[in-house]
Amino acid sequence: MLSHPSNLFSDFLAFRALSNKTELSPSPCFASLLRSEISSSLRRNEIVVGKANEMEGKLYCLHLILPLWWCITEVLLLAACLPLAASAAIDFLYLEDQQEEVLEETALYSADCLSRQQFSLECPAKDSGNQVSWGSMELHNNDNTYTSFDISRSSSQAQENLSKSRRIRNKSVDFDDNLPYSENPRLIYINDPRRTNDKYEFTGNEIRTSKYTLITFLPKNLFIQFHRVAYLYFLAIAALNQLPPLAVFGRTVSLFPLLFVLCVTAIKDGYEDWRRHRSDRNENNREALVLQVGEFQMKKWKKIRAGEVVKIHADETIPCDMVLLGTSDPSGLAYIQTMNLDGESNLKTRYARQETASSIFEGCNVSGLIRCEQPNRNIYEFTANMEFNGHKFPLSQSNIVLRGCQLKNTDWIIGVVVYAGQETKAMLNSAVSPSKRSKLEGYMNRETFWLSIFLLVMCSAVAVGMGLWLHRHKDKLDTLPYYRKTYIRQGRENGKTYRYYGIPMETFFSFLSSVIVFQIMIPISLYITMELVRLGQSYFMIEDKHMYCSNSGSRFQCRSLNINEDLGQIRYVFSDKTGTLTENKMEFRKASVYGKDYRSSNITDDSLQDNSITDAAAPSRWKLKSEISVDSELMDLLHKDLAGDERIAAHLFFLTLAACNTVIPIVSQDASSSHGSSDPWGEVKAIDYQGESPDEQALVSAASAYGYTLHERTSGHIVIDINGNKLRLDVLGLHEFDSVRKRMSVVIRFPDNTVKVLVKGADSTMFSILADTEKVDQIRQATRSHLTEYSSEGLRTLVVAARDLTDVELEQWQCRYEDASTSLIDRAAKLRQTAALVECNLKLLGATAIEDKLQDGVPEAIESLRQAGIKVWVLTGDKQETAISIGLSCKLLTADMQQIIINGNSEEECRNLLTDAMTRHGVQPANRKKQNSKRRKNSENGYLEIPDDTKSSNVLQQHSGKEEPDVCAPLALIIDGNSLVYILEKDLQSELFDIATSCKVVLCCRVAPLQKAGIVDLIKSRTDDMTLAIGDGANDVSMIQMADVGVGICGQEGRQAVMASDFAMGQFRFLKRLLLVHGHWNYQRVGYLVLYNFYRNAVFVLMLFWYILCTAFSTTSALTDWSSVFYSVIYTSVPTIVVGILDKDLSHKTLLEYPKLYGVGHRHEAYNLQLFWITMFDTLWQSLVLFYIPLFTYKESTIDIWSMGSLWTIAVVILVNIQLAMDIRRWVFITHAAVWGSIIITYACMVVLDSIPVFPNYWTIYHLVKSPTYWLTILLIIIVALLPRFLFKVIHQIFWPSDIQIAREAEILRKVAPNLRSKPDEDSS
């Protein structure tokens, strides 16, 4: 027996007080241990107190929710109390576990202090094939098992707790923020976690991505669900029905619909959160090797602390953010895969400093101090210093491995923990994607408001009628045969009031009772129906074989179920270029070396390539993974024994391509050559390159094809095989590519002690740092012309240069480089200043041209989208010429377009360019609201031709008294990222919006990720048009999340875009089918689904309304309570769901053949306010027919009211199903079963309900079905009710056919025509 809630709260609060007492006043034995190791125990006590405080907050929330729920039903009280009691027991056990952990760690620390001087590298054998389980992203391990990981699904509560925690002094900030790290650095004492956390600042390594606990699940889930206003409405209805004067339905019956919807949603949410709990538990209980008591021992991840030394084996996952101390490679090199963190699949190099790596191998004592920045989200930067064995040296991003990464091609690594648990960069980046709501669902709320007004009018009419009726018959209330206001039976109650509260209160109660009776006017079942329909639609989208990518083996993914129908209303598509429109598979095509253009015209396979190198010089022992095209003339130049300037420049050119990068060479035995012995040049090795950028991989592969093969890289040197001769180069320093310099350089010492700086970068920044000599000017002019030619062909270009460094320059650079790299403040800016010392007076060597091919079907997809009235905007980081060339090749740009180019370097210049463009091309600024209203009017009244171009021409009006010859020509806007800096951040957005929406095409070049999101927001915030963003990389995430619909491409840049998207696919061309076919179907289905649900419930309510008007305005009902409940839940729900999933107005072939049919979504033909009111007027007519035909038919009969109610129930179910059947365009077996089966199920339920003796309608159905009048009445109701609708559809389709109707007739004719042609042939034969 459970106690009353008040007693339960009292007991539980007493338990909480006891818990706090237990935490703050431990036993004497326990207190003595705490005094001996006070720091360790206080750390654990802090956790326990935090747990109790968290419990107190949850209890307060539960205390607010439960009293209201108690008033509604005792059932939910039981549901609330059981988890509460269970969680109480769990939390009590948790307190005991904390005390045991303190005892355990105290003893462990004492033993560890004695053995700190010994450092053993031996460790227990550990299986390297551990599974990764963190979230929902599927990965493949070496053992071909599926594991899961997803940093994008973190609980908002975990993030909130982290932000509120006083343990983190500097909150995580955006990447551009500069934190004063030196003012408050984090101190990490290596292999001394107690001293590291002596101030209890740092969190443990336990993570939590779940949303609920046992205590918070019920109140929090209910709070989230009741964000839907309709749920609050039905909660109020259920509460009103519990009051005796308003108990129209039974108390249990009135709760059934709301409880059903809440329980279904709660079960779904609970299951999803249970999976998150299970994932968290598996993740936290995994084990890693931690240095304890002088040797590595297994320890659970959740118990790892900052400062501890951890050892990771190959293919294992990193449990926390660690600074590398040593690796299995003597040089300190390690390879990691960061796919789980940033989505990139390429291997990346990380290095242990030589000072620590050598100490690890020597087995000496490991101790030192790391000063690092406070936890932040930036996964691409790390700023720290290390003091080790009396030396101080800098640490950077290349010295840290992050949680979630996997160790690859390295036997083991050893590192010290700097960030753990919620403070790791992975967890700080685990923000929940913004929730998106369907646009049609927003319109549905508008119609729900109108239905609410209609409901209030009906209830007011009933209340006023009741008041007038009572006033008219106030003297006859005790003598009427069907009304009493006082008891008339003998006894002590004789003469007392019988539930009569006076005319005013009776009128008020009549109003409330009417609200209860008419409650299903607001269809609560519509929400569940829409969820199920969207789920079914998603299943068929996922299983569509036409959207399966065989190249990547990926199929379509539906990651959001809320916006399926929005796919049918897209007006703007914002697309990335590289990897989205193109394959992101770079191929080296052309090169300009020392002012001469070399084209890879001789496409050779590997064997021909090897022969060409062999004939020219030394034997080739390297076989590339892919075929590379080489130029024979350039190959001959490289292998001539000459000392001319051109030969030296070509040598340095390919040496720079091989050395100036961060590519990792992976060498393996060539399987194809190992089986044969005919190779005269000995063993052939296969080499593959892993890099952070496909561009770098292509350049290094090209250098290898020309005989300059990078085959070894460490933190201090690289080895390049030049036609069989190994050249070892010492790497003195590396300035990585950044968005400010837009170039990369490496300082190299050659074997003869000469030092060179090798540089490659964008032409926009490289030409300004070249030496000014007459010879360089000639080469510069030739190279510029080559670059222009390459860009016009759509190739990606880079400029290559180099210079020698004198001893003075080298010494100055080394001094500045060491200071800058060890700085904790503005390290990146200081490194840029240091790079400027050597990146000057360069000698131009040449330029490269890389081809990024278009994906298959991109031009056709873009053309189809354009015909559908969808504007495609391309937002890319490439240079302007390359973007224009790609735009031409993919048919985005055409030759007849007038190009508006905006390249400004200041706010005033950008303003002048925009104003000049608006004047020249006749673009007039218009009021935004007027444009939107005009756009909506045009879209609703348009016909077949999508009014997209017409909209553009609306603002391209001719000036009075002046005509421009190019006004009617389509416009294309081309703008760079530098201009967007001034436009998006200043007051120039209106001018940009006017020009951009007047153009047919917009190309944005050199844009940053946040600028992409800004462009999307420019359209989204100023128009009512639906936007879609599609991309494949991490730089597209902000754009994808900003748009109404986000689509991720499963491409070469990993899964970051996929994880942030609403839908994911393998290639861009699938977007055509997604929008034109599935988007159209989903929009048509859901639009009809909403209207039909409004009609279905309204016709039922109006039928009850007419009955109440004929029964003295009383709120009695001729239908049983269960019939009223089952009507929308069982009798009519299944056909709606089936039709919403399976119905098709047109075949996919027709929709793809005629893209303009997509315009029905732009014009809102499937769902709009006009259709809603037409449906309501038709509903009004059908309800009158439903009520009055049986009334007049049985007017003179002796039929009882329950028999009449049974007739109305059957008639309304048959009527709404017949109307549904009239609108179905595609009949399959399951559709027949659902529609006609629901009528059979209704009869079966009626038979069961009428067979229960306690019900007032006992045996009525058995009497009715024997009468022919019963069946004739139902038939007459169907004919008369649906006749106006049928006539309206026939007349409309004959005289004003829609695009859909015309296309359907064309489909039918295509199917019938072959049969018609075959019949005359048979007759003639």
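The basis for the numbers below is simple: all heavy atoms, side chains too, and nothing from hydrogens, waters or symmetry mates.
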d(Q1293 CD, I1300 CD1) to nearest 0.5 Å is 11.5 Å
- Item | Y1262 atom OH, over 12 foreign heavy atoms within 6.0 Å | yes
Judged by atom type as modelled, is there a donor-acceptor pair below 3.5 Å linking the side chain of W1081 to the main-chain atoms of L1146?
-> yes
Those residues at least two apart in sequence (or on a different chain) that pass side-chain contact (heavy atoms from CB on, under 4.5 Å) with S460 are F511
Which of L1089, V533, L440, V1090 passes side chain to side chain contact (heavy atoms under 4.5 Å, CB included) with E565? Answer is L440
* Apply salt bridge (charged side-chain N to carboxylate O under 4.0 Å, His left out) to the pair R1226 and D1145, showing each step before the final yes or no. => CA-CA 7 Å; R1226 177 176 179 255; D1145 55 352; over 6 Å; no
Here the gap from L567 atom CG to Y1083 atom OH, rounded to the nearest 0.5 Å, amounts to 13.0 Å
Here the gap from T1193 atom OG1 to I1274 atom CD1, rounded to the nearest 0.5 Å, amounts to 11.0 Å
So does Y1107 get a backbone contact from the side chain of T1111, meaning a donor-acceptor N/O pair under 3.5 Å?
yes
Within the distance-only criterion (no hydrogens, no angle test), does the side chain of T448 pair as donor or acceptor with the backbone N or O of M444 below 3.5 angstrom?
yes
So for atom CZ, which belongs to F454, do other residues, nucleotides or ligands contribute more than 12 heavy atoms lying within a distance under 6.0 Å?
no
side-chain contact (heavy atoms from CB on, under 4.5 Å) filter on V464, not counting sequence neighbours, yields L468
Do other residues, nucleotides or ligands put more than 12 heavy atoms under 6.0 Å from W1271 CH2? yes
Exercise. Quick one: do Y1194 and T1269 satisfy side-chain contact (heavy atoms from CB on, under 4.5 Å)? Show the steps, please.
Key: CA-CA 9 Å; Y1194 290 95; T1269 307; 3.8 Å; yes
Looking only at the side chains, is there a donor atom on one of N1093 and T529 sitting less than 3.5 Å from an acceptor on the other?
no
Checklist entry - Any side-chain heavy-atom pair from L1220 and P1135 closer than 4.5 angstrom? => result yes
Distance-only donor-acceptor check, side chains Y1258 and D1250, under 3.5 Å: no
Checklist entry - Is R1085 reaching over with its side chain to a backbone N or O of I1141, donor-acceptor style, under 3.5 angstrom? => result yes
Next item on the list: Check whether any side-chain N or O of Y1092 sits under 3.5 Å from a backbone N or O of V1216 as a donor-acceptor pair, and report yes or no.
Entry: yes
ask   = Are K439 and D566 ion-paired here, with the side-chain N under 4.0 Å from a carboxylate O?
value = no
ask   = Can R1285 be said to sit on top of F1288's aromatic six-ring, NZ or CZ under 6.0 Å from centre and within 45° of the ring axis?
value = no
Discussion item. Could you check whether any side-chain heavy atom of Y1167 comes within less than 4.5 Å of a side-chain heavy atom of V1086, counting everything from C-beta outward?
Written reply: no
Hey, is the main chain of Q569 close enough, under 3.5 Å, to the side chain of Y1158 for a donor-acceptor pair?
yes
Exercise. Step by step, work out the salt bridge (charged side-chain N to carboxylate O under 4.0 Å, His left out) result for E441 and R534.
Key: CA-CA 13 Å; E441 191 172 339; R534 286 166 175 166; 3.5 Å; yes
Of all heavy-atom pairs linking G442 and R437, the shortest is CA-NH2, 3.9 Å
Q) In this structure, are over 12 heavy atoms from other groups packed under 6.0 Å from Y1243 atom OH? A) yes
d(Y1131 OH, I1210 CD1) to nearest 0.5 Å is 7.5 Å
Side chains of E1307 and S1147: donor-acceptor distance under 3.5 Å anywhere?
yes
Between the OG1 atom in T1179 and the CD atom in Q1219, the distance rounded to the nearest 0.5 Å is 7.0 Å
Taking S1238's backbone N and O only, do any of them form a donor-acceptor pair with T1242's side chain (distance below 3.5 Å, no angle check)? yes
Taking the side chain as everything from C-beta on, heavy atoms only, tell me whether F1229 gets closer than 4.5 Å to H1232.
no
Check for a donor-acceptor pair, side chain of T1132 on one end and backbone N or O of Y1127 on the other, with a separation under 3.5 Å.
yes
Give the intermediate values and the outcome of salt bridge (charged side-chain N to carboxylate O under 4.0 Å, His left out) for residues R1163 and D1299. CA-CA 12 Å; R1163 297 188 293 271; D1299 300 341; 2.7 Å; yes
**Check: I1261 and Y1270 side chains under 4.5 Å, non-hydrogen atoms** = yes
*asked:* I'd like to check Y443 versus F1172 (side-chain heavy atoms, cut-off strictly below 4.5 Å). Are they in contact?
replied: no
- Query: Is there a donor-acceptor contact under 3.5 Å from the side chain of N1082 to the main chain of G568?
  - Reply: no
Next on the checklist: With a 6.0 Å cut-off (strictly less than), is the heavy-atom count around CZ of R446, excluding the residue itself, greater than 12?
Outcome noted: yes
Closest non-hydrogen contact found for G467 with T507 is CA-OG1, 3.4 Å
Rounded to the nearest 0.5 angstrom, the OG-CH2 distance for S1183 and W1208 is 12.0 Å
With a sphere of 6.0 Å drawn around CG of L1180, does it hold more than 12 non-hydrogen atoms of other residues, nucleotides or ligands?
yes
- Task: Please determine, by modelled atom types, if T1175 and D1178 share a side-chain donor-acceptor pair under 3.5 angstrom.
- Result: no
Exercise for the section: Test side chain to side chain donor-acceptor pair (under 3.5 Å) on S538 and N564 and set out the steps. Expected result: CA-CA 8 Å; S538 301; N564 288 358; 3.2 Å; yes
Of all heavy-atom pairs linking I1278 and A1211, the shortest is CD1-O, 4.3 Å
- Query: Given side chains that start at C-beta, do those of W1236 and N1217 come closer than 4.5 Å, heavy atoms only?
  - Reply: no
Taking side chain as C-beta onward, heavy atoms only, is L470 less than 4.5 Å from F1113?
no
By ring pair (Phe, Tyr, Trp, His ring centres under 6.0 Å), F449 pairs with (sequence neighbours left out) none
query = Between H1292 (side chain) and W1296 (backbone), is there a donor-acceptor pair under 3.5 Å?
reply = yes
| message | Between H1164 and L1171, is the side-chain contact (heavy atoms from CB on, under 4.5 Å) condition met? List the steps. | response | CA-CA 10 Å; H1164 308 293; L1171 275 177; over 6 Å; no
- Task: Please examine the side chains of M458 and L1102, heavy atoms only from C-beta on, and report whether any two atoms are closer than 4.5 Å.
- Result: yes
